[in-house]
**Student:** 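Structure incoming, see below.
None of these values were measured; they are calculated from a predicted model.
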Amino acid sequence: MTETTETTEAAVVAVGQQDDHDAAGAHDGPHGYASDKAGYLKRMRRIEGQVRGIARMIDEDVYCIDVLTQVSAVTKALQAVSVALVEDHLGHCVVDAAKASDEDGAAKVREASEAIARLVRM
């Protein structure tokens, strides 16, 4: 395993551990993205390939600006996935919780707001 892969996997684990609840128990039933799970997986595999390409570029001593251009492209692709996930979450998970009860709805809105805040922080 390469250092880049280990670092990426550690970052993914750290992000997953930020939540105070078990991700599997956060929502009963299918998640908001379930209707386009294959599309999300396809997009994430493409992004994963782009990240591997960036690592290869660095290994091959490619010009800094060219590497930064690819980093920017990956960042925009991840942002697009994030926005789509937020939209799916609001349209499915938050709406379902709000239908169940005012308290559940308020909790899901708060949870979504916190997730959006994490996304816009730099």
Side-chain angles (χ1 to χ4, degrees):
M1 189 178 304
T2 67
E3 182 179 330
T4 304
T5 304
E6 290 172 349
T7 303
T8 303
E9 288 176 358
V12 169
V13 169
V15 168
Q17 292 174 348
Q18 287 178 354
D19 293 329
D20 292 333
H21 58 273
D22 177 21
H27 178 73
D28 293 333
H31 297 292
Y33 59 81
S35 64
D36 194 24
K37 185 175 179 177
Y40 279 110
L41 289 171
K42 182 178 177 181
R43 292 168 80 176
M44 293 306 297
R45 286 186 193 107
R46 187 177 312 125
I47 292 167
E48 180 182 19
Q50 288 177 290
V51 171
R52 275 196 235 103
I54 293 168
R56 195 169 30 256
M57 291 172 76
I58 292 168
D59 187 49
E60 296 171 359
D61 297 319
V62 172
Y63 183 57
C64 304
I65 298 302
D66 295 338
V67 175
L68 288 170
T69 299
Q70 292 306 308
V71 169
S72 177
V74 168
T75 300
K76 284 181 177 32
L78 283 170
Q79 288 170 339
V81 170
S82 297
V83 168
L85 285 168
V86 167
E87 184 177 346
D88 286 343
H89 180 68
L90 293 173
H92 182 267
C93 304
V94 174
V95 168
D96 286 355
K99 288 178 183 176
S101 76
D102 289 344
E103 295 81 23
D104 289 349
K108 286 293 180 189
V109 167
R110 193 169 33 260
E111 178 184 59
S113 296
E114 291 168 359
I116 292 166
R118 285 191 302 271
L119 288 171
V120 298
R121 253 184 252 140
M122 298 255 343

**Student:** Taking all non-hydrogen atoms of both residues, which atom of Val94 and which atom of Leu90 are closest, and how far apart?
**Tutor:** CB-O, 3.5 Å

**Student:** Who passes salt bridge (charged side-chain N to carboxylate O under 4.0 Å, His left out) against Glu48, sequence neighbours left out?
**Tutor:** Arg52

**Student:** May I ask whether Val109 and Val86 are part of the same hydrophobic cluster, defined by side-chain heavy atoms of I, L, V, M, F, W, Y residues being less than 4.5 angstrom apart, directly or through others?
**Tutor:**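 Yes, same cluster.
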
**Student:** Going by the salt bridge (Lys or Arg N to Asp or Glu O under 4.0 Å) test, which pairs reach into residues 55-77, not counting sequence neighbours?
**Tutor:**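 Sorted result for residues 55-77: empty, none.
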
**Student:** State which residues pass side-chain contact (heavy atoms from CB on, under 4.5 Å) with Ala77; sequence neighbours excluded, sorted by chain then number.
**Tutor:** Ile47, Gln50

**Student:** Report the distance from atom OG of Ser72 to atom CD of Gln79, rounding to the nearest 0.5 Å.
**Tutor:** 8.5 Å

**Student:** For Val83, what residues pass the side-chain contact (heavy atoms from CB on, under 4.5 Å) criterion, not counting sequence neighbours?
**Tutor:**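 Partners of Val83 by the side-chain contact (heavy atoms from CB on, under 4.5 Å) criterion come out as none, since no residue qualifies.
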
**Student:** Could you give the distance from OG (Ser82) to CD1 (Ile116), rounded to the nearest 0.5 Å?
**Tutor:** 10.5 Å

**Student:** How long is the straight-line distance from CD1 of Ile58 back to CD of Gln70, given to the nearest 0.5 Å?
**Tutor:** 11.0 Å

**Student:** Give a yes or no on whether Leu41 and Val81 share a hydrophobic cluster (residues Ile, Leu, Val, Met, Phe, Trp, Tyr; joining criterion: side-chain heavy atoms under 4.5 Å apart).
**Tutor:**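 Shared cluster, no.
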
**Student:** Do the side chains of Val95 and Tyr33 join up, straight or via other hydrophobic residues, at under 4.5 Å, putting them in one cluster?
**Tutor:**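 Not linked; separate clusters.
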
**Student:** When rounded to the nearest 0.5 angstrom, what is the spacing between CE in Met44 and NZ in Lys37?
**Tutor:** 13.5 Å

**Student:** For the residue pair Ala112 and His89, what are the closest heavy atoms and their distance?
**Tutor:** CB-CD2, 3.9 Å

**Student:** For Leu68, which residues count as a side-chain contact (heavy atoms from CB on, under 4.5 Å) partner, sequence neighbours excluded?
**Tutor:**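 Leu68 satisfies side-chain contact (heavy atoms from CB on, under 4.5 Å) with Ile65 once adjacent residues are dropped.
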
**Student:** Holding to side-chain hydrogen bond (donor to acceptor under 3.5 Å, both in side chains), I want the full list of residues that pass it with Arg46, two or more places apart in sequence or in another chain.
**Tutor:** none

